[in-house]
Structure formats: C-alpha cells, structure tokens
Amino acid sequence: MAQVEKCLSRATYDERKAIRRELAGHMEDRVEALIQGGCGREEAEVRAVEAMGDPAEIGGALNEQFSTFWLWLGRLGILLTVLLCVRAFALWPYLMPFDAMEWREVQADPAAVEVFDMIVEDWGEPYPIQRDVDIQMAVGDDTLRVYRVSLDQERGLAMVDACLYDQEPGGKIGYIGECALLYTRAVDGQGEVFAPRNIINDPVVGYARWEGIPAAPGEVLELRYERFGRSAEMEIPLPWEVEP
Amino acid sequence: MKKSMDHTQLLVLTLLAAEEMYGYQIITELEKRSDHTFAMKEGTLYPVLHGLWKDGAVECYEKEAPTGRMRKYYRLTRKGREKLKEETARWRSYSHGVEAVLSSVPALG
C-alpha cells in the first residue's frame with residue numbers, strides 16, 4: 001500500500017488517504033473471501049496482495065488520473081498566503097491607514113499639544129516661558145510642525161518641540177534626528193547647528209525636542225528639513241518677555 | 001472523432017448499469033460473468049474507476065458494509081449511461097466488422 005502511495009505525487013493528502021482506504025477495503029474483502037473458501041489468514045493475505053498486482057503500476061496509473069492543475073494552484077495559494085503574511089508582518093505599521101489618518105488629524109490640530117506632551121512626557125518640563133505655536137512646513141509628503149517654543153530667559157536657553165508626519169496614510173517619514181536640524185543665527189551672523197536631543201521616531205510619526213539652545217534677544221532660530229535632496233526651512237520666533 | 005473507450009471501462013460501465021457496486025464486487029462480478037476470461041489484476045480496476053469518475057461517467061458515495069467498514073460504491077451517471085450506449089454501439093459495430101472479416105476466410109471458418 002505504501003508503494004502505491006509513493007507514486008501518488010499529484011494527489012493531495014486527503015486523496016491519498018481515500019485511495020489507501022479504498023484499496024485496503026478491497027484487500028480485506030479478498031482476504032475474507034479466501035478465508036471463507038478455506039484458506040488460512042496468512043496465506044489469504046499473501047494471495048490478496050498478489051491478486052492486487054504491481055503496486056508501482058497501480059500507483060502510476062492512479063496518479064495519471066489526478067490533474068496537476070489544482071495541486072499546483074493549491075500550492076501557489078499557500079505560497080502566496082505565506083508571502084502576504086510575511087509582507088503584512090513587515091509592513092504592519094503601514095497597514096493601519098486609519099491610525100495614520102488619526103495621527104494626521106491630531107498633528108493638524110493646534111490644540112493637540114496636550115496629546116504631544118503625553119507622548120513625550122518623560123522628556124521633562126519645557127522651559128518656564130512657553131508659547132504654543134503652529135508653524136508647519138512641507139517637504140514632499142512630509143510635514144514638519146513646530147508646536148511649542150519655550151525659553152529659559154535667565155540662562156539664555158531655548159527649547160523647540162516639533163513633530164513630523166506624512167500627509168499620506170501609511171507614508172514613510174524621514175528620520176527626524178537626521179532630517180531636521182536647528183540653526184541659530186546670532187545678530188552678528190554667526191551661528192551653530194543643533195541636532196535634536198530627544199527623539200521618538202515611529203514609522204508614521206516622529207517627535208523631536210531641541211533643548212539647551214543658546215539664545216539671546218534678537219537671535220533667530222531656523223529649522224531646516226532635508227530629505228531626498230529636497231529641503232525647506234522656517235524661522236522660529238522666540239517668546240522673549242520684557243524684564244519687569 | 002471521439003476517442004473510443006478502453007474495453008475495461010466499457011465492461012465496468014456495463015456492470016454499473018445494472019446496479020451500484022464497490023470495487024471488489026465489480027472484480028468478482030466481472031470474473032463470474034465473463035467466466036474468468038477477464039480475470040484482471042485487481043488493483044488495476046481502481047485507475048479505471050477513477051478515470052470514469054474524472055470523466056463524470058460515474059459518481060461515488062460511501063456506505064457502511066455489514067462488517068461495519070465503510071465501502072465506496074460507484075454508480076452510473078446520466079453521462080455515463082449515454083457513454084455506455086455510444087460505446088456499446090461502437091463495440092458491436094467493431095466486433096461485427098472483425099467477425100465479418102474472419103468469416104470471409106474459409107480456412108478460419
């Protein structure tokens with residue numbers, strides 16, 4: 001029986017099982033008939049096997065009755081399912097367009113600073129003089145939004161909080177820590193460049209905080225965003241307060 | 001021109017036209033009715049049955065045998081019945097032709 005099964009390369013597991021059951025049933029019938037005819041069980045079994053014929057020949061002829069079309073279609077289906085699962089797993093963060101849309105709405109809401117603060121709560125408090133702003137710039141599909149600027153007037157330090165998201169659901173954003181750089185430009189034209197100190201870079205949204213930026217009245221902060229050879233820049237006003 | 005049927009297929013269809021049968025029963029019936037002329041290797045019946053099933057000439061179902069074991073029964077379909085009619089006519093015409101040639105040679109008669 002095993003020899004017959006070996007030849008059934010075109011049959012599915014269930015089809016092979018059904019054939020095995022059918023042939024085994026046939027042999028049992030033959031054995032019973034031989035025993036009833038006066039044969040011993042052992043001899044009856046040997047004769048039943050002989051009566052069946054060449055297993056390779058039977059298996060080969062049975063195998064020809066099965067079309068390879070459905071078998072290969074089934075295998076192709078399994079392969080495609082596996083590939084899709086792997087792809088879905090790899091692209092999981094991008095397969096949540098509604099989440100991405102929600103993020104986009106939150107980013108676009110000027111009153112969303114509280115939400116951002118919850119996300120970056122372990123970054124600590126902003127500086128004492130704070131101003132919620134909504135300065136946005138787009139580079140390709142990416143939008144960089146500065147949502148708060150704060151100042152420590154006594155120490156002459158500025159802090160900038162920004163987030164980055166893609167306009168398209170599921171779209172990829174750049175790595176905010178590399179794409180967004182803050183420049184200072186002093187009154188005398190001299191300046192420095194700062195990378196963000198704190199970063200959260202999820203696939204669909206990024207957060208960055210520049211802190212400890214030396215600032216003096218009259219000094220201008222400029223945020224530049226560069227990705228794939230395209231760039232944009234925006235000026236960030238600092239909330240200086242007049243000394244009492 | 002349609003491919004003519006294998007003679008074993010024709011014999012199996014003929015038996016199934018009378019009643020529904022399972023494999024072993026077909027073998028024993030064939031031996032009995034042909035007076036052991038068609039004592040084929042029993043396993044070779046199954047490719048024939050599966051071929052007929054694939055062509056839609058027979059259908060099968062399982063029924064419990066008196067021993068409690070499940071048996072696979074085959075029965076003729078409408079298509080199988082039509083096929084049997086066609087093939088029987090074809091076979092008769094063929095055998096009539098052979099007979100006519102054989103009879104035309106006096107030495108063989």
Side-chain angles (χ1 to χ4, degrees), chain A residues 1-39 41 43-71 73, chain B residues 3 5-9 11-13 15-16 19-32 34 36-75 77 79-80 83:
Chain A
M1 206 74 72
Q3 274 176 285
V4 174
E5 269 190 84
K6 255 189 216 170
C7 303
L8 301 174
S9 58
R10 293 182 186 178
T12 63
Y13 173 76
D14 287 342
E15 286 166 342
R16 280 201 292 269
K17 216 165 79 176
I19 287 173
R20 186 188 177 90
R21 204 168 49 231
E22 190 174 21
L23 295 182
H26 180 111
M27 283 172 67
E28 278 176 44
D29 282 334
R30 174 56 79 195
V31 168
E32 276 166 28
L34 288 166
I35 289 172
Q36 277 174 13
C39 212
R41 173 160 285 277
E43 193 196 340
E45 282 173 357
V46 172
R47 283 175 61 182
V49 170
E50 279 172 5
M52 285 302 274
D54 179 14
E57 190 189 326
I58 299 163
L62 273 169
N63 198 38
E64 278 175 25
Q65 303 303 326
F66 293 99
S67 160
T68 52
F69 177 77
W70 293 109
L71 188 71
L73 194 68
Chain B
K3 194 187 163 210
M5 196 178 244
D6 175 64
H7 77 273
T8 316
Q9 287 183 317
L11 293 172
V12 170
L13 284 185
L15 290 181
L16 292 177
E19 63 174 311
E20 299 165 6
M21 291 184 188
Y22 54 95
Y24 178 75
Q25 191 183 3
I26 294 172
I27 288 284
T28 49
E29 203 61 32
L30 204 57
E31 280 178 11
K32 210 186 324 173
S34 70
H36 298 276
T37 306
F38 299 115
M40 60 201 286
K41 281 292 179 191
E42 296 174 14
T44 56
L45 169 72
Y46 291 92
V48 174
L49 283 171
H50 280 252
L52 289 170
W53 175 79
K54 198 174 79 174
D55 292 343
V58 300
E59 55 191 11
C60 51
Y61 64 96
E62 289 200 340
K63 200 164 82 175
E64 198 176 333
T67 54
R69 183 158 37 81
M70 295 306 284
R71 272 188 182 138
K72 196 170 179 182
Y73 279 78
Y74 293 84
R75 68 175 159 225
T77 60
K79 189 180 172 187
K83 213 173 167 72

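In what follows, chains carry the letters A, B, and so on, assigned in the order in which the sequence lines appear, proteins first and then strands, with residues in each chain numbered from 1.
A perpendicular orientation is assigned to the rings of A/His26 and B/Tyr24, their planes being inclined by more than 60° (bins at 30° and 60°).
Within the 4.5 angstrom heavy-atom criterion, only side-chain atoms of B/Ile27, from C-beta onward, approach chain A. Only the backbone of A/Glu50 has a heavy atom closer than 4.5 Å to any heavy atom of chain B. For B/Glu62, the part lying near chain A is the side chain, with the backbone staying farther off; criterion is any non-hydrogen pair under 4.5 Å. In this structure, chain B has heavy atoms under 4.5 Å from both the backbone and the side chain of A/Leu62.
Among B/Lys41, B/Arg69, B/Lys72, the residue with the largest count of heavy-atom pairs under 4.5 Å with chain A is B/Arg69. Among the candidates A/Gly59, A/Gly53, A/Ala51, the residue making the largest number of heavy-atom pairs closer than 4.5 Å to chain B is A/Ala51.
No salt bridge links B/Asp55 with B/Lys79; every basic N to acidic carboxylate O contact stays at or beyond 4.0 Å.
One finds the CD atom of A/Glu28 at 11.5 Å from the CG atom of A/Leu23 (value rounded to the nearest 0.5 Å). Atoms CE and CD, from A/Met52 and A/Glu57 in turn, are 12.0 Å apart once rounded to the nearest 0.5 Å.
Open room surrounds CD on A/Gln3; 12 or fewer heavy atoms of other groups in view lie less than 6.0 Å from it. Open room surrounds CZ on A/Arg41; 12 or fewer heavy atoms of other groups in view lie less than 6.0 Å from it.
Taking both residues in full, the closest heavy atoms of B/Gly56 and B/Thr77 are given as O-OG1, 2.6 Å, listed atom of the first, atom of the second, then distance. Between B/Arg71 and B/Pro66, the closest heavy-atom pair is NH1-CD, 4.0 Å.
Residues of residues 5-20 of chain A having a heavy atom under 4.5 Å from any heavy atom of chain B, listed by number: A/Ile19.
With sequence neighbours excluded, no residue satisfies side-chain contact (heavy atoms from CB on, under 4.5 Å) with A/Glu64.
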